[in-house]
Amino acid sequence: MTFKFFHKGAALVLLCLMLFVMISGCGSNASDPKKVGEKAYPSDQKEQVLRLGAARDFKSAAQGRNMVFEYLVSVDHEGNPVPMLAELWEIPGDSKTYVFKIREGVTFHNGTEFDASLAKFALEYNANNSVWGKYLDKIETVDGNTVKVYLKDYYPLFLQDLAKNLVVSPDAVDPKGDPSGKLAEYIGTGPFKLVSYHKDRDAELVRNDNYWGKKSEINRVIWKTIPDPHAQIVALKAGDVDMIGITEHHSSVPYVEVPAMEDAGINVDKTSYGRYQVLEFNTLREPFNDRKVRMAFNYAIDKEKMVRELFHGLTEPAYTITAPWFKYGPSKVNSKYFHYDLNKAKSLLTEAGWSMNSSGKLEKEGKPLEVELLIPAGEANADAVAIFVQSELKKIGVELKLLTLESGAAWDRSKQGEYEMFVHHSFCLPWVPGGIDIGGKYHSGSTSWPAAYHSPELDRLIEEAWLTPDESKRKELINKVWDILHYEAPCIPLYDIVKVSAYRESITGFKPAPTMFDMDFSEIKIN
Amino acid sequence: MESVLKIKDLSVNFNSKDGIVKAANNLNLTIYSGEILGLIGETGSGKTVLGQAIIKILPQTARVTGEIWYGNRNILALGEEEMNKIRGKEIALIFQNPSSSLNPSLKIGEQIAETVQKHQGLNKKEAWEKAEAILSQVGMPPRFAHYYPHQYSGGMRQRAMVAICLACQPLFYIADEPTRGLDVTVQNQIAGLLNSIIKNGKGQRSMLLITHDISVAAALTDSMAIMYAGEIVEYGPTREVFKNPLHPYSKGLLNSHPAKGLKPIKGFSPSLINLPEGCKFFSRCSRAEKDCQKEVPMFGRKGGKHIVRCFYA
Amino acid sequence: MGKIIIQRLVISILVMLAASFLSYFFLYMAPGDPAVSIIKSQTGREPTQAEIEIFRENRNLNIPLLDNITIWFGMLSKGDLGISVRTGEPVLHEFKDRFGATFLLAVISLVLAVLIAFPLGVLAATRPGSVVDHVTRVIGLGILSIPEFWLGLMLMVLFSLTLKWLPSFGYGTIYHFILPTVTLSTGMSALLMRLMRASMLEVLNLDYIKMARSKGLNRPLIIWKHAFRNALIPVITIIGTQFGHLLAGTIIIETVFSWPGIGKYLVDSIYARDYPVIQGFVFIIAAMFVVINLLVDLSYAYLDPRIRFEQGRN
Amino acid sequence: MSKKIFPKNRLLIFGLFLLTLLIMVSLLASYVAPFDPNYVEVENRLNRPGGKNILGTDGYGRDIFSRIVFGARFSLSLAVLVVLINLCIGVFIGTASGFFGGAVDELTMRLVDILLAFPNIIFALLVIGILGPSIPNLVFALVALGWTNYARITRGLVLSLKEQDFIISIKAIGGGDFYIITRHVIPSIIPFLVVLATLNMGHMIMSIAALSFLGLGVQIPTPEWGSMLSEGKQFIFTHPHVIISPGLAIIIAVFAFNLLGDGLRDVLDPRTKEIIKT
Amino acid sequence: MLEAVNLSKSFYYGLFQRNKNDAVKNVSFKIKKGETLCLLGESGCGKTTAGMMIAGLIKPTSGMVLYRKENIFKYRPKELKKFRTRLQIIFQDPDTVLNPRWIIEKSLSEPLRIHGLANGKESRDRIMELIETVGLSHEHLNRYPFELSGGQLQRIILARALLLKPDFIVADEPTSSLDVSVQAQILTIFKELQKKFQLSCLFITHDLHVARCIADRIAVMYKGTMLEEGNAEDIFSNPVHPYTRGLLDSLIIPDPEAVHPLDSNIPITSDRNYTGCKYKELCDYREQICEEKEPVLKK
């Protein structure tokens, strides 16, 4: 039998055909004629186009969503709830009922007017994905612009949680109008409308001319995805994008690049959002079950030098567990801060029973002081910090071993308390910063941090603080919590992870948003 | 009779990592039109090199000296371009191993047609028609032109090889061990085919038949030259050489054949790298004297065309 | 030939399924929770237990392993590869949106490499021992010693930073293609060139090339018609197997040049423990291997009649 | 025979020289390196080459030259380890399946087909992405697929050897399977394996560097060339010297092995060329 | 001495091993002590496969080989090892039979080492003795196979085969890759040794001239089947089977005076398996029955 099928060029034709199918089937996006962000949109006076260089895809970044969607309630820089789509709210009586007055004159991007019933839908939609949903009893519309939410129990963080809940149109979810559906279309009330989107590549937004608040001068925002931070910087310098760093909820612009950028005439904004990088101790294990050792470690690290040399002095060393200026932050701590003091560190260790041996290493009963620092892979700046801390601890005779684990595995270790030290960072708004909420890091109910510092006294104070609706009493209790924690030194706060945004000289009116998940374009102009 | 090819003082050396291989030493040979000249020798005696030297396809490491006169042209002095006009058109080489000498990825027809296309300026279609005609000339159905070499049996491949060489009806053929490795019956067929090509050439065609098989030589050739260690030791009309072999080696070779008594020559052939001085057959020769070891004997004429390179023959 | 292809297909499909299940199984068994990784990557902090539970419930992460496999099978039979845990979008869409970029990068690099390698390889093989041969050999060997990602970085420093000729990253215009494709094709062309040279040298020493010479054919005809085609056969196989390395290479190059392809997405998905994406991508990549191998087989048959008729003869 | 060939192959000699140099440097790392490779001195970070740091310092003020020297020790020994493990597994499986054939052969070769189809970087990515970066995981990821090539080539060699008359004749004389394998088969394929392993060494050094570059290799602060590149990548536009010299170190090491393998392939056995193509 | 009883070997190939190729079909013969049986046939007729089965290197699909009335395929490992000293095989291509990386002496002493028969000086003496018997000298012992010519290697192999003092030799085309003069040397030595050691021999060849010189009896094979068997003299003087006759007719004699059976017509035969006589396509005496039945060997 001879195989007639392969007569002469048949195989070649087939090959070409398959290649063609593959290219045309998969490369359809590639042949999009619109060159987003290129010269097609000149930044002249008539149309102001802002091109953002972003590390992440538009839809997977909260900052992207928050251009299109808004919340009922937002938070300010310290964490106080502030009105947004809810003009005002009341908490009558038992602190379990919330009455929201919906702002008038707000329309969705598709033209539908935002009212109480749509607010109710948005709340129901979010209840499915939020912790407060567990406390929810029912939602009622009182009239055209009043919504009443009944909770089953007192939930202290309800308003803060709302500051993460997007107000979406019923038309935006799939299936339409179903509160348990999933977000399919970007129909919100925000200052910008999404007009085109290419996954991992770019997105284009135009100004919402019907926006209820202050309208931006910017007509058009181009979101360009550039995952590599250095590539972002090159793009910024080359003028391919106007602004970078602003789109991230962490510092994506490497600190090391900042001086050179400033030299090149690029504006750099450094904003603190109170997120601190910290080294957690396992307080259940030797040697960190001893407060003196924990304190000694705190004294032993020259954070000033670290910030100056490794981070070009762009940020501040941290001496409190989280930023003191937060609403519930450690603003009134009585304990002394652990400023760099080698002698104190050494004497504390001697007190704790660790003595220097002949080879310059600390030991106790023949056991050397060796500690392992767990680094979750991908934790920003963790490697730099680890290597620095390693060299600092070496000076007091401590050998620090470094262990990088895939972050899921590292997280598992922390859950099982299987670590000695752990590079981590504190929470920031709109969550409760510092791990002092119920189930938070320093509460014994924490499932994630069983080996962090816990005590019955601390638990009592935390629980009491969060279960009282009385704001001043809560503050008082929380100050006590911070006192205990700073006395116990459960971790080494290292430095403030400031968010760096960089933008071209032509841009004026840059204003940092209250939380790192938002962007504020209300004053921005391109000259 | 007119001479077709005259080889004068041809030597071929190769550089190898073990030393210089003297594959052919001072060969002189004349082939006359209409005849089949048999070049008889054992493995490693340099006979294949001679065939490839005539058509100038030896590897670049080969150093060829001497003259090869084809008509009034010295082949060794010709450029590659002029040579390409002779190869395949006037001189054709029938290779010894058809399975490896046919291009496995081209149809037999194509392999015949491309020669025709090149030398006779025919277009593709005409060339293919010609190819089919030639195939039937060597006794194969024309449809076989559309087959690939691996679809042929061993004997058929050898026929295809002959067909390729026959394509432009050249006048001079070099057949390099055309019957090697074939079964007895197929051997006869190929031998018959070669014989008919020359005999049908009206005295115009001639052939250099390189073989180690004295039966085939006996059956086909008009005259024969016997090679030993890169040298021709005896030359003469086939009948005479068989009837009266003069050189001790020729005698031994003929008598080694099972049909002729299976009487072996003692000893081993020398390697082409370390050839002895004097007569190369010296160490194996029963009639050798001292001077054989010192001097290479010259050819001596022994009546008619029969010549021999031996002092004592 | 037909039978061989069917046999291969059957085995390949089993391989595809096995590969995707294995990757799923490993991910499922590995430490780490997709809920944590994903919430973390979106918010930059570890989620609370309550948030994790809600997320797991919403993204169907609480289904047991075996049930998940049957569900996946059911979906696969409808041409559905499930939904990404991370983005909540169908895996197939995620793949399609990104594959174009990777595919273009890989194919352009391959074509570029072939265009450079084949003529050079043939040139070197036809002049063994010449200056061209030695130079290409040493340079080829040198190029093969350069790590691709490093080469990419160096090209970036040279052409984007110092000379400012080309964009260092991104996707869109033809200029964006230059650095990544040059990076990818450099090593590949060195490899293919060496292969082509070796294969060609081997073929040029075969009897049928002597035969072609003895027919009086011109040198170019001998080289391209007789030698090149036969020399191509082993090279084609290598190109087929190299496709895997090409994909692997693109993963690294994509991270270097911020290329919006599947490579980076796959890496991120592995870290996010995005089971459906890994499972689906591995399945599709395996499927592509099957197609590539099939194409290699077909081109084999086209180039080498011995294979085409292998079954037919007996 | 060897006397004549070796001087001719200048590239081989050069490769041998480079490799000896590398091995010497890595063995005598503590003498060659002027500084402790892990000594951090942030005040001295990102020094340009020259002065007391020949190749400058990295982002933490560590001496790049010392790190490269110690990195040589690490990269070479890890590559040797992986290649040896691969070689042993591959030769064992390849010999067994080639020599005895049958269902075992069928099964292992299908497995090899599957594994060969898997791009090894993707596989290593999966393994290390799942299990986390560490040296044992790295070795596992590189071994899990790495042996297949050896197994395939060994099997091919054994299959062709098995059919050769000299093996059959020993069977006919009465030599047992074990005798034939240990006395004839394995010794006959050793030249091929040497070439294969040498060429594979270069490949392995690059794979390890690539994985380290992706952050999947060794733990910090181990000096390793790939992770030096990975750490230095952030300085590419401000201080390119941080990534140029480790890259050159990789190239030199890989080049040495490639030259050696290529030269050995030419010298040892002309047949090696046909079997080991790349 | 040795008897082949209905030996058959089929090779299976293709998808699911569905296709079958009968390499050898129902071959039977007997060889007496000191006798040489020549297995004569064209290439691909299955004669090598038959030889390998006799030597116990290939298991037959059916049938058996009896050595001194014992089936060699039923041997236990120990008996098989013993049998290996009694029967030796000589291959076609001497260049490939010795380990190319070993010097000749090492290869030569190998059989003794494997069977633990002799070592040291004793082994060396025996080797020296044999090496001289085959016309070589001790200087050849320290060489590598590639340094020796085909004829010399074939002598070495002969010597090695005789080292274990076998009583049976399977020689598979031992001279077909050699030149005529070398062939004559080897065959002469072979005949001498056979006489000296009282060897029985299965001699496989395609060369009628060689067969005539060496054989006591001849068996003619064609496409896996045996067509004719008999005394060498009888076969040559009075061939019965049309194939044998054709074979003898096509023999070219090294004599330019003779009439040579040159024939330029080519018969095209098919490779397929079919029923009936294997030779029917080329046979001048073909009749209807040849199409239907495969003839059996008769006296």
Side-chain angles (χ1 to χ4, degrees), chain A residues 228-234 236-237 253-261 263-264 302 304-312 372-395 399-413 423, chain D residues 35-47 57-63 67 124-138 140-141 211-224 226-243:
Chain A
D228 185 76
H230 302 92
Q232 286 185 18
I233 292 165
V234 173
L236 182 70
K237 284 182 178 166
V253 179
Y255 296 152
V256 60
E257 298 278 2
V258 170
M261 281 200 293
D263 290 347
D302 188 351
E304 306 272 353
K305 183 165 99 181
M306 178 179 83
V307 166
R308 189 177 65 238
E309 300 292 346
L310 284 184
F311 304 136
H312 289 256
E372 190 178 75
L373 173 64
L374 188 58
I375 307 162
E379 170 84 24
N381 289 337
D383 289 357
V385 162
I387 288 168
F388 180 78
V389 169
Q390 188 183 42
S391 72
E392 290 288 279
L393 290 177
K394 208 174 182 180
K395 292 175 190 161
E399 184 167 349
L400 186 71
K401 289 184 170 159
L402 309 179
L403 174 65
T404 306
L405 281 186
E406 188 279 311
S407 80
W411 183 247
D412 275 5
R413 289 266 197 116
V423 188
Chain D
F35 297 98
D36 174 357
N38 289 326
Y39 179 68
V40 173
E41 199 180 353
V42 282
E43 294 89 339
N44 250 333
R45 68 200 295 257
L46 298 171
N47 281 354
T57 57
D58 70 359
Y60 305 109
R62 298 176 294 194
D63 182 48
R67 288 183 72 73
L125 214 69
L126 267 173
V127 168
I128 300 172
I130 290 165
L131 299 177
S134 76
I135 294 173
N137 290 348
L138 183 70
F140 171 71
L211 285 170
S212 295
F213 178 73
L214 291 176
L216 299 172
V218 300
Q219 293 285 347
I220 54 166
T222 321
E224 198 274 337
S227 60
M228 286 174 77
L229 288 177
S230 173
E231 279 174 16
K233 198 192 156 197
Q234 54 175 314
F235 307 110
I236 169 172
F237 292 130
T238 49
H239 304 88
H241 75 269
V242 176
I243 63 163

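Below, chain A is the first sequence line, B the second, and so on; all start at residue 1. Hydrogens, waters and symmetry mates play no part in the numbers below; they use all other heavy atoms, side chains included.
Using a 4.5 Å cut-off between heavy atoms, Asn44(D) makes no contact with chain A at all.
Side chains of Gln390(A) and Asn38(D) form no contact here, defined as non-hydrogen atoms less than 4.5 Å apart.
Residue Arg308(A) holds its CZ atom at 7.0 Å from CD of Glu43(D), rounded to the nearest 0.5 Å. Distance OG/Ser230(D) to CG/Asp383(A): 8.0 Å, rounded to 0.5 Å. The distance from atom CD1 of Ile236(D) to atom CD1 of Ile233(A), rounded to the nearest 0.5 Å, is 11.5 Å.
Taking each heavy atom of Arg62(D) and Ile387(A) in turn, the nearest pair found is NH1-CD1, 3.7 Å. Across every non-hydrogen atom of His312(A) and Arg45(D), the tightest pair is NE2-NH1, 3.4 Å.
For NZ of Lys401(A), the number of neighbouring non-hydrogen atoms (other residues, nucleotides, ligands) closer than 6.0 Å is 12 at most.
Evaluation of the salt bridge (charged side-chain N to carboxylate O under 4.0 Å, His left out) rule for Asp63(D) yields no partner, not counting sequence neighbours.
Comparing Ala260(A), Ala384(A), Ser391(A) by heavy-atom pairs within less than 4.5 Å of chain D, the highest count is held by Ala384(A).
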